[in-house]
Participant: 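Got a structure for you, written out below as structure tokens; questions coming shortly.
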Amino acid sequence: MAGVRVEQKERTRRALVGAARTLFASRGYADVGLAEIVAAAGVTKGALYHQFDGKAELFRAVLGEVAAEVADAVVAAARAAGRDTGGDPWAQLRAGCRAFLVASTDPARVRIALVDGPAVLGWAQWRALDEATSQRHLVEALEGLVARGLLAPRPVAPLAHLLGGAMNEAALWLADEPDALEPAWTELAAMLDALR
């Protein structure tokens, strides 16, 4: 019986996160009410409050899902580049950064992760989530390049924040200019190559 309850709870959570994600992506956090979310999920408000403290906590779950998807795309691209190049760490860094831009051209992801995310969670919480996902992989890649002597010894944190900021800004821009992915990538690749 306990297993059935756990399964039902997880199904309800997935329904709420899925419905909220669709609504937040299409209209933004501020324009979506809880009544709409529970109706779209096919559950009651009581079920929502059993899962989440409120709309902001539900949004945090949606944002966490989006951030994890982008980070997973970054890792998958870097690993593939590693396999294709015999483990070339520069190729892995470049592939991961390009994957971030590609994943971020989805306007729904941009709205949730880069527009509403900082506004809803506040800068500190949004930054912590970013650092735990995509930014963490960027830091690891840069640290690996320094450790191998392929990047001049330097503090990695400032460089990672500068590159991450550039990529987040590019993602915001690409949401409105999706046809500009290749020119944006060309410039980012040049920035990365200049570090060698």
Side-chain angles (χ1 to χ4, degrees), residues 1-80 96-140 164-165 167-178 181:
M1 189 62 134
V4 172
R5 284 190 191 128
V6 169
E7 186 180 310
Q8 177 60 35
K9 183 176 180 180
E10 182 56 30
R11 211 173 18 251
T12 300
R13 182 179 177 81
R14 282 193 314 266
L16 285 163
V17 170
R21 181 175 178 167
T22 299
L23 291 166
F24 292 152
S26 66
R27 297 205 334 261
Y29 177 84
D31 289 339
V32 175
L34 286 179
E36 271 183 283
I37 295 169
V38 296
V43 301
T44 65
K45 269 193 179 178
L48 182 140
Y49 285 114
H50 186 69
Q51 298 281 335
F52 302 99
D53 287 339
K55 186 172 142 182
E57 188 178 339
L58 175 57
F59 178 82
R60 186 184 331 272
V62 169
L63 177 57
E65 183 178 277
V66 169
E69 288 171 5
V70 172
D72 289 348
V74 167
V75 169
R79 284 185 181 150
C97 289
R98 181 175 172 82
F100 178 86
L101 288 184
V102 171
S104 298
T105 58
D106 175 359
R109 284 185 176 145
V110 170
R111 179 163 210 159
I112 291 168
L114 299 176
V115 175
D116 285 345
V120 174
L121 298 184
W123 183 253
Q125 286 185 31
W126 179 86
R127 169 58 57 206
L129 178 62
D130 186 49
E131 287 178 357
T133 53
S134 296
Q135 189 75 5
R136 176 175 59 91
H137 298 300
L138 179 58
V139 168
E140 289 169 358
M167 287 188 285
N168 284 334
E169 180 61 30
L172 281 167
W173 179 62
L174 287 169
D176 292 329
E177 302 285 341
L181 175 61

Participant: What's the spacing between Leu138 CG and Met167 CE if we round to 0.5 Å?
Facilitator: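 Rounded to the nearest 0.5 Å, the CG-CE separation comes out at 4.5 Å.
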
Participant: Could you give the distance from OG1 (Thr133) to CD (Glu69), rounded to the nearest 0.5 Å?
Facilitator: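 Rounded to the nearest 0.5 Å, the OG1-CD separation comes to 11.5 Å.
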
Participant: Which value, rounded to the nearest 0.5 Å, describes the distance between His50 atom NE2 and Lys9 atom NZ?
Facilitator: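 Going from NE2 on His50 over to NZ on Lys9, the span is 4.5 Å.
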
Participant: So which atom in Ala19 and which in Ala40 form the shortest heavy-atom distance, rounded to 0.1 Å?
Facilitator: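 Looking at all heavy atoms of both residues, the shortest contact is CB-CB, 3.8 Å.
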
Participant: Going by heavy atoms in the side chains, are Leu63 and Val120 under 4.5 Å from each other?
Facilitator: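 In short, these two side chains do not touch, never coming nearer than 4.5 Å.
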
Participant: If you define the side chain from C-beta out and look only at heavy atoms, does anything of Val43 sit under 4.5 Å from Gln51?
Facilitator: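 With C-beta onward as the side chain, the pair stays apart.
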
Participant: Check salt bridge (Lys or Arg N to Asp or Glu O under 4.0 Å) between Glu65 and all other residues, then give those that pass, not counting sequence neighbours.
Facilitator: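 If we apply the salt bridge (Lys or Arg N to Asp or Glu O under 4.0 Å) test to Glu65, skipping adjacent residues, the hits are Arg21.
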
Participant: Looking at Gly18, is its backbone amide N or carbonyl O close enough to the side chain of Thr22 to form a donor-acceptor pair, meaning the two atoms are under 3.5 Å apart?
Facilitator: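 Between the backbone of Gly18 and the side chain of Thr22 there is a qualifying donor-acceptor contact (under 3.5 Å).
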
Participant: Classify the ring geometry of Tyr29 against Phe59: parallel below 30°, tilted from 30° to 60°, perpendicular beyond 60°.
Facilitator: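 Taking Phe59 first and then Tyr29, their aromatic rings stand perpendicular (interplane angle over 60°).
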
Participant: Supply the atom-to-atom distance Arg13 CZ to Leu48 CG, rounded to the nearest 0.5 angstrom.
Facilitator: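 Taking CZ in Arg13 and CG in Leu48, the distance rounds to 10.5 Å.
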
Participant: Is the closest side-chain heavy-atom distance between Ser104 and Asn168 below 4.5 Å?
Facilitator: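 They are not in side-chain contact.
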
Participant: For Arg5 and Gln8, which I'm curious about, is there any donor-acceptor pair between the side chains at under 3.5 Å?
Facilitator: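 Not at all, the side chains of Arg5 and Gln8 share no donor-acceptor pair under 3.5 Å.
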
Participant: If I take atom CD1 from residue Ile112 and atom CZ from residue Phe24, how far apart are they, to the nearest 0.5 angstrom?
Facilitator: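 The distance works out to 8.0 Å.
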
Participant: Just by modelled atom types, is the Leu121 backbone N or O under 3.5 Å from a matching donor or acceptor in the Arg60 side chain?
Facilitator: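 Here the side-chain-to-backbone pair does not exist.
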
Participant: Assess whether atom CZ of Arg11 is packed by more than 12 heavy atoms of other residues, nucleotides or ligands within 6.0 Å.
Facilitator: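 Atom CZ in Arg11 is packed in, count exceeds 12.
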
Participant: If you look at every heavy atom in Arg111 and Arg27, which pair is closest and at what distance?
Facilitator: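 In this case the closest contact between Arg111 and Arg27 is NH2-O, 3.0 Å.
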
Participant: Can I get a per-line list of side-chain donor-acceptor pairs under 3.5 Å for residues 71-78, giving both atom names and the distance, sequence neighbours left out?
Facilitator:
none

Participant: Is any side-chain heavy atom of Glu10 closer than 4.5 Å to a side-chain heavy atom of Glu7?
Facilitator: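 Glu10 vs Glu7: side chains apart.
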
Participant: If only atom types and distance count, is the side chain of Glu57 paired as donor or acceptor with the main-chain N or O of Asp53 below 3.5 Å?
Facilitator: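 Yes; at least one donor-acceptor contact below 3.5 Å.
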
Participant: Drop me the distance from Asp116's CG to Trp126's CH2, to the nearest 0.5 angstrom.
Facilitator: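 Here the rounded value is 12.5 Å.
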
Participant: Check Leu16 against Ala47 and note the closest heavy-atom contact, atom names and distance.
Facilitator: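 Minimum heavy-atom contact is CD1-O, 4.2 Å.
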
Participant: With a 4.5 Å heavy-atom cut-off, do Ile37 and Val32 have their side chains touching?
Facilitator: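 Heavy-atom side-chain distance check passes, below 4.5 Å.
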
Participant: Give the minimum heavy-atom separation between Ala171 and Val110, together with the two atoms involved.
Facilitator: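 Where Ala171 meets Val110 most closely, the heavy atoms are O-CG2, 3.6 Å.
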
Participant: Between Thr44 and Val38, is any pair of side-chain heavy atoms under 4.5 Å apart?
Facilitator: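 The answer is no; the side chains never approach within 4.5 Å.
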
